[in-house]
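Have a look at the structure below, then the notes.
Residue numbers start from 1 in every chain, and the chains themselves are labelled A, B, ... in the order their sequence lines are given, proteins ahead of strands.
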Amino acid sequence: MTDFADGVAPAVNSGAADAAAGALSDARFAADHFALFGLARDFRIDTAALERNYRALQAQTHPDRFVTAGDSERRRALQWATRVNEAYETLKKPLSRARYLLAELGGESDFVRNNALPTDFLVAQMELRETVADAVAARQVETLESLRDERALALRAGYEALAAILAAAAAVADSQRTTPLAQAADAIRRLMFEEKLLADIDDALAALDE
Amino acid sequence: MVLLQIAEPGQSDAPHERRLAVGIDLGTTNSLVAAVRSGLAVVLNDELGRPLLPSVVRYGADGECTVGYEALAQQASDPRNTVASAKRFMGRGLQDIAHRESLPYQFEDAPGMVRLRTVAGSKSPVEVSADVLRALRERAELALGGELVGAVITVPAYFDDAQRQATKDAARLAGLNVLRLLNEPTAAAIAYGLDNGAEGVFAVYDLGGGTFDISILRLSRGVFEVLSTGGDSALGGDDFDQRIYCWILEAARLKPLSPEDSRLLLNRAREAKEYLTFHGTAPITARLASGEVVDLTLTTETFTDITRTLITKTMQPVKKALRDAGLGIGDVKGVIMVGGATRMPQVQRAVGEYFKQEPLNNLDPDKVVAIGAAKQANLLAGNRTGDDWLLLDVIPLSLGLEMMGGLVEKIVPRNSTIPVARAQDFTTFRDGQTALAVHVVQGEREIVSDCRSLARFELRGIPPMVAGAARIRVTFQVDADGLLSVSAREQTSGVEASVVVKPSYGLSDDEIAGMLKDSLEHTRDDAFRRALKESQVEAQRLIEAVQSALKNDGELLDASERARVDAAIVALQTAALGENRRQITLAMDEVDAQTRDFAARRMDKGIRRALAGRSIDDFAELGEKEEFDELEQINETAKENQA
């Protein structure tokens with residue numbers, strides 16, 4: 001539901017072979033999540049390439065491949081496979097991917113402490129939550145379903161806008177980034193609310209189903 | 001393929017050197033061992049051609065232990081000393097065990113894990129499982145004609161950290177090198193997927209003797225990716241028996257029963273359940289010790305009725321797993337049925353109705369897990385067979401930390417692909433706070449008391465700072481077996497502490513080595529003399545260890561506690577002079593019981609001293625290590641005695 005425009009952009013890098021064939025060097029271990037999978041550092045990613053390269057890397061690094069190896073090789077496999085899983089998990093979902101990219105570009109990284117949003121947005125969110133609560137109390141499945149579809153569309157539009165902002169931020173020099181990065185942080189904060197709301201609607205629907 | 005290998009000229013024509021590796025399905029009711037032979041995974045039968053080994057162990061007064069069908073046959077006549085379904089007690093405390101009032105065992109509450117009192121001494125479920133595994137290891141070594149390189153042991157996907165750790169300990173105690181702990185539904189998916197070249201999303205519905213698992217996997221081009229898993233680690237075929245048993249009690253208006261009669265009726269209940277798979281009604285007849293005769297008929301309708309809630313209980317985790325995977329029923333291409341309990345028609349029907357398709361039953365539900373485990377063991381041991389696959393599995397339950405107010409902060413969410421590591425920063429709550437207690441829990445609930453406690457440790461020696469200034473990073477690492485280790489580090493000062501999460505029952509490597517040595521030396525012929533001698537030596541060691549501990553830390557006991565310990569030692573000294581091993585064992589148990597609190601207090605004291613301002617690594621290099629060795633020796637001696 002929260003998938004963002006999978007495969008919107010063509011793969012910048014031509015994919016599995018190059019990424020997988022690369023050596024498991026220390027430099028690669030320390031590289032950013034995008035580079036690890038041979039992807040361009042962009043919010044719009046080729047999810048098929050991500051998945052392909054993830055599997056290729058796991059096939060090389062997974063501890064199952066090193067069960068009979070020595071201690072140091074086994075430890076290395078554990079570290080690598082852990083690293084690959086962490087990177088994949090971060091890039092797979094649009095919200096965590098956006099937050100990661102924002103931090104990489106030098107923007108906001110602490111969304112727990114800095115959560116300021118305009119009052120009108122918060123009021124609108126509260127009203128939406130009340131609508132959900134009312135629909136749950138009245139067991140109105142159809143109301144919830146149409147609300148879910150509506151919010152899913154809003155979420156998608158939000159990610160589209162965020163993709164443009166992040167691309168603009170990445171295109172300019174560091175000194176020019178302050179404004180777009182602040183805009184991106186603001187957009188991410190709103191999307192965090194939207195994601196949570198959508199998850200809550202899904203939970204409510206599941207609960208009514210039982 | 002090995003079968004088609006033809007020796008090249010000039011090369012050796014000896015068969016390819018293969019590493020012998022097996023897959024073991026350690027089940028609640030039955031266990032199996034399988035291996036890849038000539039390119040095919042097969043279950044290894046016993047000398048009478050039987051594939052299953054009942055997971056039943058009987059302990060005799062002479063220290064002898066029988067496993068499997070032989071033990072099962074004695075279950076009704078000697079229920080107290082014949083342990084079945086030990087898997088249900090693995091990594092579990094006394095209060096966790098359901099229906100324990102109707103089980104014929106003498107449970108003992110012990111820290112971390114329940115124990116069972118038998119005529120051969122107190123047994124932990126780990127030791128009972130090790131006896132089952134040892135029988136399977138011997139069977140495999142006989143069948144394959146050599147020593148095993150290692151084994152893949154399967155566990156229910158929904159097993160938590162304590163249950164997994166207990167299983168691994170049992171395998172090591174049985175002298176097995178554990179290549180991997182593998183989730184049972186994942187093993188089934190490997191067996192099914194490889195045999196059928198399956199692609200797409202599959203659900204594995206695994207209802208075993210005592211556990212229920214549901215896993216959702218995506219199979220594609222040699223990758224088995226677990227998307228989500230769920231279940232109930234205390235729900236299985238046993239519970240269906242239990243429902244019939246209760247129905248018998250009610251229908252025949254029986255008074256409370258002796259353990260022997262209970263076991264007899266539980267067996268009749270199980271037989272009736274199995275009979276109903278192919279018949280519309282099942283006769284239940286039994287003659288109780290009192291001479292009273294039970295003569296009833298159970299119909300399919302009644303059986304379905306009294307077990308409906310159990311089946312409903314399995315469907316909740318199914319829905320949750322699908323939701324966690326972000327999928328709907330329509331995405332599921334096939335439902336693989338695993339576990340003997342899925343033979344029950346009402347289970348087949350419920351699953352078919354929910355998924356709107358006929359479940360897949362073309363694999364033997366008893367064998368499919370062992371077969372999958374054997375294939376994985378062969379792969380992990382490095383025997384390349386041409387087809388190669390990659391397995392990506394997940395942890396079943398979230399891992400977290402206790403926060404102020406008893407709330408849980410989740411660090412690693414359930415269904416994270418393993419291996420996985422997560423770090424989270426915490427800070428101090430008070431000005432000048434120099435220590436932080438870390439309490440690791442597992443489970444989905446928000447409140448600590450509703451989750452399972454896995455470990456506690458303290459980070460000490462944090463430099464005094466104002467509240468909120470310290471940065472304490474706690475890192476969770478879950479390995480490919482699904483086992484957790486945790487470390488904590490204060491970022492500004494570099495002070496750190498870590499634990500490999502081993503619940504308090506967890507055996508140290510030395511203890512396992514000791515028990516292993518002990519068990520291997522127990523050959524049958526002169527078992528008695530040797531056992532007596534060992535008991536005497538162990539009794540002496542225990543006495544010495546306790547006396548030395550009393551000399552160093554006697555002040556930790558008050559006068560009455562001290563008197564009880566002294567009395568227990570005198571009794572043990574007397575027993576050790578005699579030839580009655582059982583008396584020695586009981587006297588050692590008594591010393592063990594009377595010094596348990598003492599040992600705990602000494603351990604606390606030792607840890608407090610050790611962790612004051614130092615990391616565990618520093619501590620190991622200091623001269624205080626002997627104290628721990630001594631404590632371990634007390635535990636070790638007590639455990640060896642029980643083994």
Side-chain angles (χ1 to χ4, degrees), chain A residues 1-3 6 16 20 48 51-71 73-93 96 109-110 112-113 145 152 195 198-210, chain B residues 19 21 149-152 177-180 182 218 220-225 312 315-316 318-320 322-324 326-328 376-384 388-395 412-413 415-425 468 475-481 483 485:
Chain A
M1 222 140 309
T2 55
D3 278 358
D6 289 344
E51 208 164 288
R52 213 164 45 231
N53 293 351
Y54 164 67
R55 288 168 175 219
L57 261 180
Q58 276 296 11
Q60 272 179 283
T61 64
H62 197 278
D64 279 356
R65 294 277 184 266
F66 299 89
V67 170
T68 56
D71 279 352
E73 266 183 287
R74 292 219 308 270
R75 202 163 36 241
R76 201 171 113 91
L78 176 66
Q79 285 166 349
W80 261 99
T82 300
R83 165 87 183 88
V84 172
N85 275 334
E86 182 204 359
Y88 178 62
E89 198 56 45
T90 306
L91 295 191
K92 197 168 63 171
K93 297 204 180 98
S96 53
S109 62
D110 191 347
V112 178
R113 289 186 193 200
E145 280 173 345
E195 287 273 19
L198 197 53
D200 288 349
I201 297 174
D202 278 339
D203 285 349
L205 277 167
L208 287 180
D209 188 34
E210 273 161 17
Chain B
R19 296 151 162 271
V149 167
V152 166
N177 170 34
V178 180
L179 298 172
R180 183 72 72 230
L182 178 62
R218 178 178 291 128
S220 70
R221 282 164 295 140
V223 181
F224 295 81
E225 185 180 5
T312 310
M315 298 319 288
Q316 301 302 335
V318 171
K319 289 178 188 172
K320 193 165 131 230
L322 269 176
R323 243 157 53 70
D324 283 353
L327 297 171
Q376 188 70 10
N378 194 51
L379 180 77
L380 296 186
N383 297 322
R384 290 289 136 96
D388 219 355
W389 61 90
L390 173 68
L391 187 61
L392 299 168
D393 217 322
V394 302
I395 53 161
V412 186
N415 294 320
S416 294
T417 304
I418 51 176
V420 59
R422 283 289 160 82
Q424 191 127 328
D425 287 347
T475 306
F476 281 50
Q477 169 83 58
V478 181
D479 67 15
D481 287 325
L483 294 171
S485 55

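- When heavy atoms are compared at a cutoff of 4.5 Å, B/Ser220 approaches chain A by way of both its backbone and its side chain.
- Heavy atoms closer than 4.5 Å to chain A are found in the side chain of B/Arg422, but not in its backbone.
- Nearest heavy-atom pair across A/Arg65 and B/Leu379 is NH1-CD2, 4.5 Å.
- Contact of the B/Leu392 side chain with the A/Tyr54 side chain is registered, since non-hydrogen atoms from C-beta on lie closer than 4.5 Å.
- In this structure, no portion of A/Arg83 lies under 4.5 Å from any heavy atom of chain B.
- For the set A/Glu86, A/Glu89, A/Gln58, the count of heavy-atom pairs under 4.5 angstrom toward chain B peaks at A/Gln58.
- Contact annotation for B/Leu391: both backbone and side-chain heavy atoms come within less than 4.5 Å of a heavy atom of chain A.
- In plain terms, the two heavy atoms of B/Ile418 and A/His62 that are nearest each other are O-NE2, 4.0 Å.
- When all heavy atoms of B/Val223 and A/Arg55 are compared, the closest pair comes out as CB-NH1, 3.7 Å.
- B/Pro419 has its side chain out of reach of A/Gln79: every pair of non-hydrogen atoms, C-beta onward, lies at least 4.5 Å apart.
- Under the 3.5 Å distance criterion, with hydrogens and angles disregarded, no donor-acceptor pair is assigned to the side chains of A/Thr68 and B/Arg19.
- In this structure, the side chains of B/Val420 and A/Asn85 stay at 4.5 Å or more apart for every pair of heavy atoms.
- Between A/Asp64 and B/Arg180, at least one side-chain nitrogen of the basic residue sits less than 4.0 Å from a carboxylate oxygen of the acidic one, meeting the salt-bridge criterion.
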